[in-house]
**Student:** 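Please see the structure below; I have some questions.
Source: prediction; values computed, not measured.
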Amino acid sequence: MFSRVRNMFVFVVAASLTWGCGRERLTTSQTPEAGQQFGQPAGKHAFNGMTRAVVVANVTDGETPASGVTVEFTRSVSGRAASFEWSGSTNARGQAYVEISGAGVTGYYRARAMRDGSEIGSWLSIPVNGGYQSTVELPVGEKANATGSIALTPGGLPAKIAIGVAMPLTGPQDVYGLPAMEGFELAQAEINNSSILGGASIEFIVEDTEGTIDAATAAFNKLINEDGVDVILGPGISTVGKEVFPIAQQNEVLAFSSTSTAVGLSAIGDYIFRSGLNVGTLVPGAVKDLQEKLGFSRVVTMVDDADVYSRSLDEAVSSSLGEGEVEILSRETFATGDTSFTDQLNSIKELNPHALFVSCLAAEMIQIMIEAREIGIPADIPIIIPEMTMDEVAAAGDAAERVISITSWATNAATPGNQTFIESYITENDSEPGPWAALSYASLYILADAIVDAGSTNASAIKDAMAATRDVDTILGRFSFNADGDAVYDPIVLIVQDGAFELFE
């Protein structure tokens, strides 16, 4: 679906070595697995002339990652001027990501770390092999230690790209996590069987967030600190995202959510991106269009006041109604987990509004539709529930008839590749996809495109490539990110007719 090639930047600076570090030679901590190379560089004719190597250097001071220190990396050739020099700062995890390109990559290199202009550590005889990404531990005051090496593809990426997935796969929010996982896995299989990543393949490290803040926090910390991923897909709903996105941002790990859409979450930091339209983008134009077509001037809103997403959605709806000079007769509230809404709905029935806007999660919206019809709210009072899926329609049955939804994606959208995606999803899962699967499918393709564009699996490089994404063809339509990392494309308005969604005209 996507194919762009990024030019490789070559650092070649002639300079004399003016600092010695002969006491700290690199050691290896484990036996290489099949296909791995580390401990010493191979001969100059190895790797079929590969002229690129990557070193992920982890600088630690005691047991603490040394973040924000300057790392200098230099080709060490005894008695000669340096043939390569690189310098950069470690990220929040104490990592420096060194890319080496050009002739004669294979050989021994030196490194040192500087803080506030003073040297805090130095190491020599670090072996680098062309065509490989090596991980090297650089503990201040101790010997360097090579912990592994991964072959690079001809496109310059590691053969296996590890991506964390932190989604609610059990618990009440699995209605978002399970279809999202199916979308991720379908895109993963297609990408890995294509040439998009130039021979590299994506591997998922999956953690179940259970739909809770505590489990999601544990999942993010594990993926970052134990698994060392640079990208996490997730976490799920906005209430959880609000708490765990700062963890990714603080550790300079890219977090990419396909299912959280409350306003303002991507603005937490420049490592946070979302593919679903945030409700501040999703709602305004659709509400204006609905007002013109339905002619409402007096409405009621219902909102789960305990949920971050629902409150954000209600604020966007209320603001849009205000701009249209629509009177809000009442704002009826409830909380996540409530199972009866008859008091609120009876009050709404007495007010006889022109329309009812509902802002909540899946379980509550199903019950609200059912009870609204049971107490006699007539079908000629439109119920408008943004981001409803066919799962909720099926669960509500006849009560969902004529309910209107505003969404990011639809099966009948004439967007590039949409019908092919639907056919592939049905073949794989024996059911039609919903928006969470579609958004997640599109997200992995967008991420893969950014990795290719960056020519790197480093979070900082991917982040910059993601931020530059503009007008890319996806199953969601022409897709861009705005300055905050939120998605920009056209929303869709649907209505339930005979148990299925149709485009609302």
**Student:** Would you sort out whether Thr411 and Phe501 count as a side chain to side chain contact (heavy atoms under 4.5 Å, CB included), showing the intermediate values?
**Tutor:** CA-CA 9 Å; Thr411 55; Phe501 277 129; 5.8 Å; no
**Student:** Please round to the nearest 0.5 Å and tell me the distance separating atom CD1 of Ile150 and atom CD1 of Ile161.
**Tutor:**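 Nearest 0.5 Å value for the CD1-CD1 distance: 10.0 Å.
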**Student:** Mark yes when over 12 heavy atoms from residues, nucleotides or ligands other than Asp490 sit less than 6.0 Å from its CG; otherwise mark no.
**Tutor:** no
**Student:** Side-chain donor-acceptor pair under 3.5 Å between Asp486 and Ser266, yes or no?
**Tutor:** yes
**Student:** Step by step, work out the side chain to side chain contact (heavy atoms under 4.5 Å, CB included) result for Ile383 and Arg373.
**Tutor:** CA-CA 11 Å; Ile383 299 175; Arg373 298 316 183 200; 3.8 Å; yes
**Student:** Checking Asp230 side chain against Ala459 main chain: does a donor-acceptor pair fall under 3.5 Å?
**Tutor:**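 Checking the backbone N and O of Ala459 against the side chain of Asp230, a donor-acceptor pair under 3.5 Å is found.
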**Student:** Working to the nearest 0.5 angstrom, can you tell me the gap between Leu169 CG and Leu178 CG?
**Tutor:** 5.5 Å
**Student:** Would you call Asp453 and Thr469 a side-chain contact if the rule is heavy atoms closer than 4.5 Å?
**Tutor:** no
**Student:** Not counting sequence neighbours, which residues clear side chain to side chain contact (heavy atoms under 4.5 Å, CB included) with Asp380? List them please.
**Tutor:** Pro378
**Student:** Counting distance only, does the side-chain N/O of Glu207 pair as donor-acceptor with the main-chain N or O of Gly164 below 3.5 Å?
**Tutor:** no
**Student:** Are there more than 12 heavy atoms of other residues, nucleotides or ligands under 6.0 Å from atom NZ of Lys160?
**Tutor:**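 No, the 6.0 Å shell around NZ holds no more than 12 heavy atoms from other groups.
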**Student:** Is Thr259 close to Leu439 at the side-chain level, that is, under 4.5 Å between some pair of heavy atoms?
**Tutor:** no
**Student:** For Glu423 and Thr420, what are the C-alpha separation, side-chain angles and deciding distance, and is it a side chain to side chain donor-acceptor pair (under 3.5 Å)?
**Tutor:** CA-CA 5 Å; Glu423 292 168 5; Thr420 300; 5.1 Å; no
**Student:** Working to the nearest 0.5 angstrom, can you tell me the gap between Asp498 CG and Arg402 CZ?
**Tutor:**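 Between atom CG of Asp498 and atom CZ of Arg402 there are 10.0 Å.
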**Student:** Let me know which of Tyr441, Trp409, Phe256, Tyr445 forms a side chain to side chain contact (heavy atoms under 4.5 Å, CB included) with Ser275.
**Tutor:**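 Of the listed residues Tyr441, Trp409, Phe256, Tyr445, the side chain to side chain contact (heavy atoms under 4.5 Å, CB included) partner of Ser275 is Phe256.
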**Student:** Could you pull out every donor-acceptor pair under 3.5 Å between side chains of residues 365-372 and any protein atom, sequence neighbours left out?
**Tutor:**
unit_1	atom_1	unit_2	atom_2	d
Gln367	NE2	Glu371	OE2	2.9
Glu371	OE1	Phe341	N	2.7
Glu371	OE1	Thr342	N	3.2

**Student:** Given Tyr97 and Thr457, is the side chain to side chain contact (heavy atoms under 4.5 Å, CB included) satisfied, shown in steps?
**Tutor:** CA-CA 10 Å; Tyr97 193 89; Thr457 56; 3.4 Å; yes
**Student:** Verify, without hydrogens or angle tests, whether Asn346 (side chain) and Asp343 (backbone) share a donor-acceptor contact under 3.5 angstrom.
**Tutor:** no
**Student:** Looking at Glu325, I'd like to know if its CD atom is crowded, meaning that more than 12 non-hydrogen atoms belonging to other residues, nucleotides or ligands lie closer than 6.0 Å.
**Tutor:** no
**Student:** In terms of heavy-atom contacts, does CG of Asp398 have more than 12 from other residues, nucleotides or ligands at under 6.0 Å?
**Tutor:** no
**Student:** Looking at Thr90 and Val69, would you say the former's side chain and the latter's main chain have a donor-acceptor pair under 3.5 Å?
**Tutor:**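 Checking the backbone N and O of Val69 against the side chain of Thr90, a donor-acceptor pair under 3.5 Å is found.
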**Student:** Please list all pairs passing the ring-ring contact (aromatic ring centres under 6.0 Å, His included) test where one or both residues lie in residues 356-403, with sequence neighbours left out.
**Tutor:** Phe296-Phe357
**Student:** Consider side chain to side chain contact (heavy atoms under 4.5 Å, CB included). Of Leu254, Leu233, Val229, which one does Ile163 pass it with?
**Tutor:**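 Of all the options given, the one that passes is Leu233.
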**Student:** Got a sec, which pairs hit ring-ring contact (aromatic ring centres under 6.0 Å, His included) with one end in residues 257-292, sequence neighbours left out?
**Tutor:** Phe273-Phe481
**Student:** Is Leu265 close to Arg274 at the side-chain level, that is, under 4.5 Å between some pair of heavy atoms?
**Tutor:** yes
**Student:** Any idea which heavy atoms bring Thr170 and Asp208 closest together, and the distance?
**Tutor:** OG1-OD2, 2.6 Å
**Student:** Could you check whether any side-chain heavy atom of Pro435 comes within less than 4.5 Å of a side-chain heavy atom of Glu387, counting everything from C-beta outward?
**Tutor:**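 Not in contact.
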**Student:** Passes side chain to side chain contact (heavy atoms under 4.5 Å, CB included), Phe504 versus Leu294? Steps please.
**Tutor:** CA-CA 11 Å; Phe504 180 77; Leu294 298 174; 3.9 Å; yes
**Student:** Any chance you could measure Leu356, atom CG, to Lys349, atom NZ, to the nearest 0.5 Å?
**Tutor:** 14.0 Å
**Student:** Quick one: closest heavy-atom pair of Val308 and Thr239, and the distance?
**Tutor:**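 Nearest heavy atoms, Val308 then Thr239: N-OG1, 3.0 Å.
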**Student:** For residues Gln249 and Asp270, is any side-chain donor paired with an opposing acceptor at under 3.5 Å?
**Tutor:**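 Per modelled atom types, Gln249 and Asp270 side chains form a pair under 3.5 Å.
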**Student:** Considering only NZ, NE, NH1 and NH2 on the basic side and carboxylate oxygens on the acidic side, decide whether Arg52 and Glu99 come within less than 4.0 Å.
**Tutor:**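 Looking at Glu99 together with Arg52, the answer is yes, because their closest N to O distance falls below 4.0 Å.
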**Student:** Kindly compute the distance separating CG (Leu313) from CD1 (Ile406), expressed to the nearest 0.5 Å.
**Tutor:** 8.0 Å
**Student:** Do Ser312 side-chain atoms and Val263 backbone N/O form a donor-acceptor pair below 3.5 Å?
**Tutor:** yes
**Student:** Please check: side-chain N/O of Ser194 versus main-chain N/O of Ile196, any donor-acceptor pairing under 3.5 Å?
**Tutor:**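 Between the backbone of Ile196 and the side chain of Ser194 there is a qualifying donor-acceptor contact (under 3.5 Å).
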**Student:** Please round to the nearest 0.5 Å and tell me the distance separating atom CZ of Arg311 and atom OG of Ser359.
**Tutor:** 12.0 Å
**Student:** Does the side chain of Pro353 reach to within under 4.5 Å of the side chain of Ile348, using non-hydrogen atoms?
**Tutor:**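 Yes; the side chains approach each other to less than 4.5 Å.
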**Student:** Excluding sequence neighbours, so at least two apart, what forms side chain to side chain contact (heavy atoms under 4.5 Å, CB included) with Asp464?
**Tutor:**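 Asp464 satisfies side chain to side chain contact (heavy atoms under 4.5 Å, CB included) with Ser460 once adjacent residues are dropped.
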**Student:** Is the closest side-chain heavy-atom distance between Ser89 and Thr70 below 4.5 Å?
**Tutor:** yes
**Student:** If you compare all heavy atoms of Ala248 against all heavy atoms of Ala255, which two are closest, and at what distance to 0.1 Å?
**Tutor:**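 Looking at all heavy atoms of both residues, the shortest contact is CB-CB, 3.8 Å.
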**Student:** So, the side chain of Ser405 versus the backbone of Ile385: is there a donor-acceptor pair under 3.5 Å, distance only?
**Tutor:** yes
**Student:** Please check if the side chain of Tyr176 supplies one atom and the backbone of Ala362 the other of a donor-acceptor pair under 3.5 Å.
**Tutor:**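 Answer holds: yes.
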**Student:** Can you name the nearest heavy-atom pair linking Ala500 to Met390, along with the distance?
**Tutor:** CA-SD, 4.2 Å
**Student:** If we only count heavy atoms from C-beta on, is the Met302 to Leu345 side-chain gap below 4.5 Å?
**Tutor:** yes
**Student:** Closest heavy-atom contact between Ser238 and Ala262?
**Tutor:** OG-N, 3.0 Å
**Student:** Between His354 and Val299, is there a donor-acceptor pair closer than 3.5 Å when you use the side chain of the first and the backbone of the second?
**Tutor:** no
**Student:** Indicate whether any N or O donor in one side chain lies under 3.5 Å from an N or O acceptor in the other, for Thr336 and Asp307.
**Tutor:**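 Absent: no donor and acceptor within the cut-off.
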**Student:** Could you list the donor-acceptor pairs under 3.5 angstrom formed between side-chain atoms of residues 326-333 and any protein atom two or more places apart in sequence or on another chain?
**Tutor:**
unit_1	atom_1	unit_2	atom_2	d
Ser330	OG	Glu332	OE2	2.7
Arg331	NE	Asp314	OD2	2.8
Arg331	NH2	Asp305	OD1	3.2
Arg331	NH2	Asp314	OD2	3.3

**Student:** Indicate whether any N or O donor in one side chain lies under 3.5 Å from an N or O acceptor in the other, for Glu392 and Thr389.
**Tutor:**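 On atom types as modelled, these side chains qualify, holding a pair under 3.5 Å.
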**Student:** Tell me the closest heavy-atom pair linking Ala448 and Leu197, and the distance in Å.
**Tutor:** O-CD2, 3.8 Å
**Student:** Got Met466 and Ile446 here, is their nearest side-chain heavy-atom distance under 4.5 Å?
**Tutor:**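 Result yes, sub-4.5 Å side-chain heavy-atom pair found.
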